[in-house]
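Residue indices begin at 1 and follow the sequence shown.
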Amino acid sequence: MTGLAAGWDHAALAQGRAGDAEHDVELLLAFLNTRDVELGTDVLDDAAAWRTWVAERGLGDVGDLAQARAVRTTLRASLGERSERLDGPAPAAGLIRVDLSHGVPMMSSEDALGAVLGAAARLAVLGSWERFKICQAEGCLWAFFDRSRNRSRMWCSMQVCGNREKARNWRERRALSVS
């Protein structure tokens with residue numbers, strides 16, 4: 001069972017991997033980015049790859065692969081991914097339990113989707129959900145966490161996607177001014 005007391009993963013804390021909401025941010029980004037459009041890979045296309053992904057993070061039971069895809073699609077669509085189409089709210093389920101451990105509320109989950117959705121719920125409660133975005137660069141669609149003060153970042157990386165987009169826009173403007 002993955003234990004998440006007061007919103008933080010104590011197993012990760014004991015291993016020096018967490019101590020604040022950053023662990024939840026990393027888990028959620030890793031899940032959202034299990035599909036890489038640029039490389040044409042998708043962890044959720046292969047049951048063995050999904051099992052490996054879950055095991056590497058110590059998230060417990062892998063659960064249903066189709067449900068994992070539905071959860072990812074729903075989360076990415078809620079972040080504004082244009083290529084994800086939802087006909088209505090897609091059911092997204094992951095079992096999360098809340099227990100009291102030494103007087104502290106503790107969220108726990110026996111499966112990977114519960115852990116991912118628990119992290120998403122905690123970040124939403126903390127007011128951080130709106131900082132998750134989908135890169136606006138053509139052909140990227142990488143999910144990222146906007147750490148800018150005014151929350152206006154558009155690209156996952158200014159050095160890669162931002163530079164590409166700005167160069168493309170400059171070439172287009174230049175071509176228009178020359179003609």
Pairing residues for R147 by the salt bridge (Lys or Arg N to Asp or Glu O under 4.0 Å) criterion, not counting sequence neighbours: E22

R149: side-chain hydrogen bond (donor to acceptor under 3.5 Å, both in side chains) partners, not counting sequence neighbours: none

Side-chain touch [X]/[Y], heavy atoms, less than 4.5 angstrom:
X: L75; Y: W129; result: yes
X: L27; Y: L59; result: yes
X: L100; Y: P105; result: yes

Could you tell me the separation between the [atom1] atom of [X] and the [atom2] atom of [Y], rounded to the nearest 0.5 Å?
X: R131; Y: L126; atom1: CZ; atom2: CG; result: 12.0 Å
X: L79; Y: F144; atom1: CG; atom2: CZ; result: 10.0 Å
X: R57; Y: E26; atom1: CZ; atom2: CD; result: 10.0 Å
X: N33; Y: W142; atom1: CG; atom2: CH2; result: 4.0 Å
X: L141; Y: D36; atom1: CG; atom2: CG; result: 10.0 Å
X: R76; Y: T74; atom1: CZ; atom2: OG1; result: 12.0 Å

Intermediate values then yes/no, side chain to side chain contact (heavy atoms under 4.5 Å, CB included), L113 and F31: CA-CA 9 Å; L113 290 181; F31 180 71; 4.0 Å; yes

Salt bridge K133-E81, side-chain N to carboxylate O under 4.0 Å: no

Carboxylate-amine/guanidinium contact R151 D146, below 4.0 Å: no

Residue pair S109 / D111, side-chain donor-acceptor N/O under 3.5 Å: yes

Residue pairs, two or more places apart or on separate chains, that pass side-chain hydrogen bond (donor to acceptor under 3.5 Å, both in side chains) and touch residues 40-53: D42-R72

Evaluation steps, side chain to side chain contact (heavy atoms under 4.5 Å, CB included), between D61 and V54: CA-CA 8 Å; D61 184 38; V54 170; over 6 Å; no

Over all atoms of both residues, closest heavy-atom pair of L32 and A143: CB-CB, 3.7 Å

Shortest non-hydrogen contact from C161 toward C156: SG-SG, 3.7 Å

S128 vs F145, side chain to side chain contact (heavy atoms under 4.5 Å, CB included): CA-CA, chis, key distance, verdict: CA-CA 9 Å; S128 297; F145 189 74; 4.1 Å; yes

Worked verdict on E110 versus R97 for side chain to side chain contact (heavy atoms under 4.5 Å, CB included): CA-CA 9 Å; E110 294 182 5; R97 237 181 46 215; 4.3 Å; yes

Option from L117, D24, L28 for which side chain to side chain contact (heavy atoms under 4.5 Å, CB included) with R122 holds: D24

